[in-house]
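As structure tokens, the structure follows; a few thoughts come after it.
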Protein chains: 2
Amino acid sequence: MATSAGAAALDLPPRPIDPPSVVQLAADAIRSMILAGELRPGDRLVEERLTALFGISRPPLREALRLLQHEGLVVRAARRGAMVAPLSEQDVHEIVTLRHAYERLAIELGVPVLDPSRLERCREALQSMADAAHRDDRAALVEASFSFHLAVVALAGHRRLEEAYRSLYFQMRLCMALNTSIRTERYETLQDNVERHRRLLELIERADQEAVLAELQSHGDTTFLAQVQGQTTCPGKVG
Amino acid sequence: MATSAGAAALDLPPRPIDPPSVVQLAADAIRSMILAGELRPGDRLVEERLTALFGISRPPLREALRLLQHEGLVVRAARRGAMVAPLSEQDVHEIVTLRHAYERLAIELGVPVLDPSRLERCREALQSMADAAHRDDRAALVEASFSFHLAVVALAGHRRLEEAYRSLYFQMRLCMALNTSIRTERYETLQDNVERHRRLLELIERADQEAVLAELQSHGDTTFLAQVQGQTTCPGKVG
DNA sequence: TGTTTGAATATTGTCTACAATCTACCATAA
DNA sequence: TTATGGTAGATTGTAGACAATATTCAAACA
């Protein structure tokens, strides 16, 4: 491994090697299973079974479960084990309202944009979205939309906000993962979805904070709330 | 332990016994040490030393450190250990802006108050504050003020918001724990502090959301921001 | 038939021990 | 003097084992 002195001698930027821990890998694997619908809200997450599945020991698996608990994807009860977090209407309400508060704060602090590299990151994410829509690849569009929203929140340069938003977004994706029935109804084309996000980015580029906030107000919530029909699932909005 | 059937036979409400885990106790102990100033930002938290100090094994101690990491009081780097979270101006800025966003959301969702028991909880906390001020007990006032603010946020009946606010509040208390120098300057008397909170509660009771938001806007932030002077510490505002 | 008790099984919580990695220090070579 | 290599000690990461607790089921009792 090159030391920083070595990197300076080579005139290269540091490129730290950062092998993921078993804890991180296990958490990532479980999160993927949850978001892919392999594990559903209420499903038990039995430590012994997961350790057998992943071929790891229990202490790091327990740490992974705590990570996921912190992200809101898993609930644990002392001495009774863990399960995938259930989703009630109240949960959906909380997720949506909190998401809105985070986005609002991000725009209040981040628009006008102080650092052009942050804006560039939004543009790259939008381009990824456009590419995915062009390929008619919905899954890639979901991923790129996630990146776009993270990049918008990152405009504020507020690490705590970004971390909180990221955890919350996983919970939103869990809502979306449950909507296989509604998923088949297309509320908008992939292209329209991209254009909606492009409009948001244009307002950000214009540094029109009020307009951005207004656009975010209608970006999902109003249409979302109209779709809350006593279901415990979250209707599909890609972004 | 009485089962729920047993409780029904005795006509008593359930009274679950819930022994704290070693993980919880260790996290509580470390948090207390941090908030009491025994551990300062940047101090290393060496697992082997903490296990010796507490007389517990390392895996649950590691789980405790992860809990504290999620609360923002501790930072960990893979394979390099943990330390008490450093506090820069940026950290202070993040804590304050995020706190404001949480409080704002709580008031937007929680005022007018839908559940009178939530309001009663605010009143009890304010009474505890008044009692503490009467006894000239600043430490108790800090605790009661914490309870008051949690109770205000709890008006919204939004569990995610409460949990997020609680973690953030520990970080604010870490800021305050550093202000021993400024602590000796009394920006207001304890009585004035209580009155300030009483005024906030009165506005809440009047269900005047706009007024509450305006009062919160001036509750700490404006005076706080005037005190940011290139210090990496957070000036003292009890509440 | 409904309730209680006891035993077996499943699972969680924590401990001990080993492996891997990092840091500090010293000796040697350029 | 600076850079490199090697070693020892400190610390973190994880595996495996034991203890404690919860759940389930069957038998006994009212």
Side-chain angles (χ1 to χ4, degrees), chain A residues 1-12 14-30 39 42-69 74-85, chain B residues 1-11 14-30 39 42-70 74-85:
Chain A
M1 180 186 295
T3 66
S4 56
L10 292 178
D11 284 323
L12 294 175
R15 207 174 300 196
I17 291 174
D18 183 24
S21 63
V22 165
V23 176
Q24 191 62 59
L25 291 172
D28 291 344
I30 296 168
L39 291 170
D43 282 359
R44 296 280 272 98
L45 300 171
V46 180
E47 293 174 9
E48 289 280 1
R49 278 201 229 127
L50 291 170
T51 58
L53 181 65
F54 296 143
I56 65 173
S57 69
R58 286 209 295 118
L61 187 277
R62 291 172 62 80
E63 286 190 45
L65 288 176
R66 283 201 186 264
L67 272 187
L68 292 166
Q69 181 182 7
V74 164
V75 291
R76 288 169 82 249
R79 297 176 305 281
R80 281 168 190 71
M83 71 170 83
V84 180
Chain B
M1 181 186 296
T3 65
S4 55
L10 292 180
D11 284 324
R15 209 173 298 197
I17 293 174
D18 184 24
S21 62
V22 165
V23 175
Q24 190 63 56
L25 290 172
D28 293 343
I30 296 167
L39 291 170
D43 283 358
R44 296 280 270 95
L45 299 171
V46 180
E47 294 173 9
E48 288 280 3
R49 280 201 228 123
L50 291 170
T51 57
L53 181 65
F54 297 142
I56 64 172
S57 68
R58 284 211 294 118
L61 187 276
R62 293 172 62 81
E63 287 189 47
L65 288 175
R66 282 204 185 263
L67 278 186
L68 293 166
Q69 182 182 6
H70 298 150
V74 164
V75 291
R76 289 169 82 249
R79 297 177 304 281
R80 281 168 191 70
M83 70 169 83
V84 180

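Each chain gets a letter, A, B and so on, in the order its sequence line appears, and its residues count up from 1.
- As rounded to whole Å, 14 Å separates atom C1' of D:dA22 from atom CG of B:Asp18.
- Regarding B:Met83, its CE atom lies at a distance of 12 Å from the P atom of D:dT12, rounded to whole Å.
- In this structure, A:Phe54 places its CZ atom 14 Å from P of D:dT14, rounding to the nearest Å.
- For the pair A:Val84 and A:Val75, the minimum side-chain heavy-atom distance is 4.5 Å or more.
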Side chains of residues 48-60 of chain A: which donor-acceptor partners sit under 3.5 Å, not counting sequence neighbours?
from, atom 1, to, atom 2, distance (Å)
A:Thr51, OG1, A:Glu47, O, 3.3
A:Thr51, OG1, A:Glu48, O, 2.8
A:Arg58, NH1, A:Glu47, OE1, 2.4

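- Note on A:Arg79: every side-chain N or O is 4.0 Å or more away from OP1 and OP2 of C:dT12.
- In this structure, B:Arg76 places its CZ atom 9 Å from P of D:dT12, rounding to the nearest Å.
- At the heavy-atom level, B:Pro60 lies under 4.0 Å from the strands shown only through sugar-phosphate atoms.
- Counting to the nearest Å, the P atom of C:dC15 and the CD atom of B:Glu63 are 11 Å from each other.
- In plain terms, the two heavy atoms of B:Glu63 and A:Arg62 that are nearest each other are OE2-NE, 2.9 Å.
- Evaluation of the side chain to side chain contact (heavy atoms under 4.5 Å, CB included) rule for A:Leu25 yields A:Pro20 as partners, not counting sequence neighbours.
- Atom CG in B:Leu61 sits roughly 15 Å away from atom C1' in D:dT14 (whole-Å rounding).
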Pairs under 3.5 Å (N/O, protein and nucleotides 4-11 of chain C):
from, atom 1, to, atom 2, distance (Å)
C:dT11, OP1, A:Arg49, NH2, 3.4

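- When the P atom of C:dT14 is taken as reference, atom CG of B:Leu65 falls 14 Å away, rounded to whole Å.
- With distances taken from any side-chain atom of A:Ser57 to the nucleotides D:dA15, C:dG13, C:dT14, the minimum falls on D:dA15.
- You'll find a donor-acceptor pair under 3.5 Å spanning the side chain of B:Arg58 and the base of D:dG13, going by distance alone.
- From B:Leu65, atom CG reaches atom CG of B:Leu67 across 9.0 Å, with rounding to the nearest 0.5 Å.
- Taking the side chain to side chain contact (heavy atoms under 4.5 Å, CB included) definition, one finds that A:Gln69 meets it with A:Arg66, A:Arg76, sequence neighbours left out.
- Between C:dC15, C:dG13, D:dT14, one nucleotide has an atom nearer to the side chain of A:Arg62 than all others, and that is C:dG13.
- For residues 16-27 of chain A, the set of pairs meeting the side-chain hydrogen bond (donor to acceptor under 3.5 Å, both in side chains) definition, not counting sequence neighbours, comprises A:Gln24-A:Asp28.
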